[in-house]
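Along the sequence shown, residues are numbered consecutively beginning with 1. Values below: all heavy atoms of this structure, side chains included; hydrogens, waters and symmetry mates excluded.
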Amino acid sequence: QVQLVESGGGLVQTGGSLRLSCAASGRIFRIDTMGWYRQVPGNQRELVATITSVGITNYADSVKGRFAISRDNAKNTVYLQMSSLKPEDTAVYYCNADRVYTDSIFGARYWGQGTQVTVSS
(Lines give C-alpha, C1' and ligand atoms only; values in the text may rest on other atoms or scores of the structure.)
Protein backbone atom coordinates (compact mmCIF):
# COMPACT_ATOMS: atom_id res chain seq x y z
CA GLN A 1 0.00 0.00 0.00
CA VAL A 2 2.77 2.42 0.98
CA GLN A 3 6.02 2.49 -0.93
CA LEU A 4 9.17 4.53 -0.46
CA VAL A 5 11.38 5.23 -3.44
CA GLU A 6 14.85 6.71 -2.99
CA SER A 7 16.82 8.62 -5.58
CA GLY A 8 19.95 10.73 -5.82
CA GLY A 9 22.63 8.23 -4.93
CA GLY A 10 25.76 7.85 -6.97
CA LEU A 11 29.50 8.24 -7.08
CA VAL A 12 31.14 11.38 -5.75
CA GLN A 13 34.66 12.43 -4.82
CA THR A 14 35.77 13.14 -1.29
CA GLY A 15 34.54 16.57 -0.27
CA GLY A 16 31.69 16.54 -2.74
CA SER A 17 27.96 16.71 -2.20
CA LEU A 18 24.90 14.65 -2.96
CA ARG A 19 21.22 15.17 -2.33
CA LEU A 20 19.08 12.14 -1.63
CA SER A 21 15.33 12.17 -2.04
CA CYS A 22 12.69 9.73 -0.86
CA ALA A 23 9.07 9.95 -1.87
CA ALA A 24 6.37 8.00 -0.08
CA SER A 25 3.36 7.01 -2.13
CA GLY A 26 -0.02 5.69 -1.13
CA ARG A 27 -3.15 6.93 0.54
CA ILE A 28 -1.17 8.52 3.34
CA PHE A 29 -2.80 10.65 5.97
CA ARG A 30 0.39 11.45 7.84
CA ILE A 31 3.91 10.23 8.54
CA ASP A 32 5.18 11.03 12.02
CA THR A 33 8.87 10.45 11.40
CA MET A 34 10.94 10.10 8.25
CA GLY A 35 14.61 9.39 8.15
CA TRP A 36 17.68 7.95 6.57
CA TYR A 37 19.71 4.95 7.63
CA ARG A 38 22.79 3.44 6.04
CA GLN A 39 24.46 0.08 5.93
CA VAL A 40 27.83 -1.17 4.75
CA PRO A 41 28.91 -4.80 4.32
CA GLY A 42 29.69 -6.39 7.66
CA ASN A 43 27.99 -3.64 9.65
CA GLN A 44 24.57 -3.17 11.14
CA ARG A 45 22.22 -0.64 9.67
CA GLU A 46 22.76 2.65 11.46
CA LEU A 47 20.76 5.80 11.86
CA VAL A 48 21.91 8.79 9.85
CA ALA A 49 19.19 11.34 10.49
CA THR A 50 15.50 11.59 11.26
CA ILE A 51 12.95 14.36 11.14
CA THR A 52 9.48 14.51 12.61
CA SER A 53 6.40 15.97 10.99
CA VAL A 54 6.94 19.18 12.95
CA GLY A 55 10.60 19.51 12.03
CA ILE A 56 12.44 18.04 15.00
CA THR A 57 15.69 16.54 13.75
CA ASN A 58 18.14 13.98 15.04
CA TYR A 59 21.57 13.24 13.57
CA ALA A 60 24.24 10.68 14.08
CA ASP A 61 27.35 12.25 15.55
CA SER A 62 29.35 11.19 12.52
CA VAL A 63 27.32 13.37 10.15
CA LYS A 64 26.53 16.41 12.29
CA GLY A 65 27.52 19.60 10.55
CA ARG A 66 27.82 17.88 7.18
CA PHE A 67 24.38 16.44 6.48
CA ALA A 68 21.02 18.17 6.62
CA ILE A 69 17.66 16.44 6.61
CA SER A 70 14.46 18.12 5.53
CA ARG A 71 10.99 17.12 4.42
CA ASP A 72 8.05 18.33 2.42
CA ASN A 73 4.95 17.10 4.19
CA ALA A 74 2.68 18.02 1.31
CA LYS A 75 4.67 15.72 -0.98
CA ASN A 76 5.46 13.06 1.65
CA THR A 77 9.07 13.45 0.67
CA VAL A 78 12.22 13.53 2.77
CA TYR A 79 15.60 14.81 1.64
CA LEU A 80 19.15 14.36 2.82
CA GLN A 81 21.64 16.98 1.73
CA MET A 82 25.10 15.50 2.15
CA SER A 83 28.14 17.75 2.02
CA SER A 84 31.84 17.32 2.72
CA LEU A 85 31.47 13.66 1.94
CA LYS A 86 34.06 11.20 3.16
CA PRO A 87 34.91 7.67 2.03
CA GLU A 88 33.46 6.38 5.29
CA ASP A 89 30.09 7.73 4.18
CA THR A 90 30.02 5.04 1.49
CA ALA A 91 27.01 2.84 2.11
CA VAL A 92 23.59 1.88 0.93
CA TYR A 93 21.24 4.55 2.21
CA TYR A 94 17.74 3.51 3.15
CA CYS A 95 14.74 5.74 3.54
CA ASN A 96 12.48 5.07 6.51
CA ALA A 97 8.99 6.20 7.36
CA ASP A 98 7.86 5.47 10.89
CA ARG A 99 4.32 5.60 12.24
CA VAL A 100 2.63 5.98 8.89
CA TYR A 101 -1.13 6.45 8.92
CA THR A 102 -3.39 5.66 6.00
CA ASP A 103 -7.11 5.18 5.62
CA SER A 104 -6.75 1.53 6.64
CA ILE A 105 -3.41 1.15 8.44
CA PHE A 106 -2.32 3.03 11.54
CA GLY A 107 1.21 3.47 12.77
CA ALA A 108 3.07 1.21 10.36
CA ARG A 109 6.77 1.34 9.47
CA TYR A 110 8.17 1.19 5.94
CA TRP A 111 11.58 1.00 4.32
CA GLY A 112 12.80 1.94 0.90
CA GLN A 113 14.90 -0.44 -1.15
CA GLY A 114 18.04 1.61 -0.75
CA THR A 115 20.28 3.75 -2.91
CA GLN A 116 24.04 3.36 -3.19
CA VAL A 117 26.30 6.23 -2.21
CA THR A 118 29.97 5.80 -3.01
CA VAL A 119 32.59 8.36 -2.02
CA SER A 120 35.95 7.91 -3.68
CA SER A 121 39.24 9.21 -2.35
Side-chain angles (χ1 to χ4, degrees):
Q1 181 66 27
V2 175
Q3 296 191 52
L4 307 179
V5 179
E6 303 102 330
S7 63
L11 176 65
V12 66
Q13 293 182 337
T14 297
S17 299
L18 283 174
R19 181 178 173 88
L20 305 183
S21 299
C22 172
S25 62
R27 298 184 63 84
I28 299 169
F29 181 71
R30 80 166 191 259
I31 304 172
D32 283 351
T33 304
M34 302 187 77
W36 293 93
Y37 294 71
R38 66 188 182 188
Q39 188 169 26
V40 300
N43 284 19
Q44 296 181 340
R45 189 173 298 184
E46 65 177 5
L47 181 147
V48 177
T50 61
I51 183 169
T52 72
S53 62
V54 295
I56 300 173
T57 59
N58 181 45
Y59 294 93
D61 288 342
S62 60
V63 307
K64 287 181 179 177
R66 299 188 298 118
F67 292 9
I69 190 170
S70 61
R71 66 187 282 178
D72 186 334
N73 290 338
K75 297 180 178 180
N76 288 319
T77 300
V78 64
Y79 307 93
L80 186 68
Q81 179 65 51
M82 304 184 293
S83 301
S84 301
L85 283 162
K86 306 174 181 179
E88 49 263 47
D89 294 318
T90 296
V92 177
Y93 284 70
Y94 295 90
C95 179
N96 173 260
D98 200 4
R99 296 184 297 281
V100 180
Y101 298 84
T102 70
D103 288 344
S104 59
I105 301 175
F106 299 87
R109 186 174 189 175
Y110 299 92
W111 291 94
Q113 296 192 112
T115 185
Q116 177 71 46
V117 172
T118 302
V119 184
S120 62
S121 59

Between D61 and K64, is there a side-chain N and carboxylate O pair less than 4.0 Å apart? yes
Are the side chains of V2 and I28 in touch, meaning some heavy atoms are under 4.5 Å apart? yes
Nearest 0.5 Å, please: how far is OG in S83 from CZ in R19? 10.5 Å
Within a reach of under 6.0 Å around CZ of R109, are more than 12 heavy atoms found that belong to other residues, nucleotides or ligands? yes
Is it the case that R45 and Y37 place a side-chain donor and acceptor less than 3.5 Å from each other? no
Between Y59 (side chain only) and I69 (backbone N and O only), is there a donor and an acceptor less than 3.5 Å apart? yes
Less than 4.5 Å apart, any side-chain heavy atom of S84 and any of F67? no
Non-neighbouring partners of T102 that pass side chain to side chain donor-acceptor pair (under 3.5 Å), sequence neighbours left out: none
Hydrophobic cluster membership, with links at side-chain heavy-atom distances under 4.5 Å among I/L/V/M/F/W/Y: are M34 and Y94 in one? no
Would you say that M82 contacts V117 through its side chain, given a criterion of any heavy-atom pair below 4.5 Å between the two side chains? yes
Going only through I, L, V, M, F, W and Y residues with side-chain contacts under 4.5 Å, is there a path from V12 to Y93? yes
Nearest heavy-atom neighbours spanning V40 and A91: CG1-CB, 3.4 Å
Yes or no on side-chain contact (heavy atoms from CB on, under 4.5 Å) for Y101 and D32, after CA distance, side-chain angles and deciding distance? CA-CA 8 Å; Y101 298 84; D32 283 351; 3.6 Å; yes
Taking every heavy atom of G9 against every heavy atom of L20, the minimum-distance pair comes out as N-CD2, 3.5 Å
E46 CD: over 12 foreign heavy atoms closer than 6.0 Å: yes
Under 3.5 Å, side chain of T52 to main-chain N/O of T33, donor-acceptor pair present? no
Under 3.5 Å: donor-acceptor pair, side chain of Q39, backbone of Q44: no
As an exercise, state the distance from CD of Q1 to CD1 of I105, rounded to the nearest 0.5 Å. 6.0 Å
Output yes when a side-chain donor or acceptor of T77 lies under 3.5 Å from a complementary backbone atom of K75, and no otherwise. yes
Using only heavy-atom distances, determine whether the side chains of T118 and Q116 contain a donor-acceptor pair under 3.5 Å. yes
Any chain of hydrophobic side-chain contacts (each under 4.5 Å) joining V100 to W111? no
Under 6.0 Å from the ring centre and within 45 degrees of the ring axis: does the NZ or CZ of R71 meet both conditions for the six-membered ring of Y79? no
Report yes if the side chains of T115 and S7 come closer than 4.5 Å at any heavy-atom pair, otherwise no. no
Could you tell me which non-hydrogen atom of I31 sits nearest to which non-hydrogen atom of A24, and how far apart they are? CD1-CB, 3.9 Å
Counting only heavy atoms not in E88, do more than 12 fall under 6.0 Å of its CD? yes
Atom pair CG/CG of L4 and N96 - distance to nearest 0.5 Å: 7.5 Å
Interatomic distance, S121 atom OG to L85 atom CG [nearest 0.5 angstrom]: 13.0 Å
Side chains of L80 and V48: closer than 4.5 Å at any heavy-atom pair? yes
Does D89 use its side chain to pair, donor to acceptor, with the backbone of K86 at less than 3.5 Å? yes
Checking N73 side chain against S53 main chain: does a donor-acceptor pair fall under 3.5 Å? yes
Student check: side-chain heavy atoms of S17 and R66 closer than 4.5 Å: no
Sub-3.5 Å donor-acceptor pair from the side chain of E6 to the main-chain atoms of C95, do we have one? yes
Measuring only between side-chain heavy atoms, which start at C-beta, is I51 closer than 4.5 Å to V78? yes
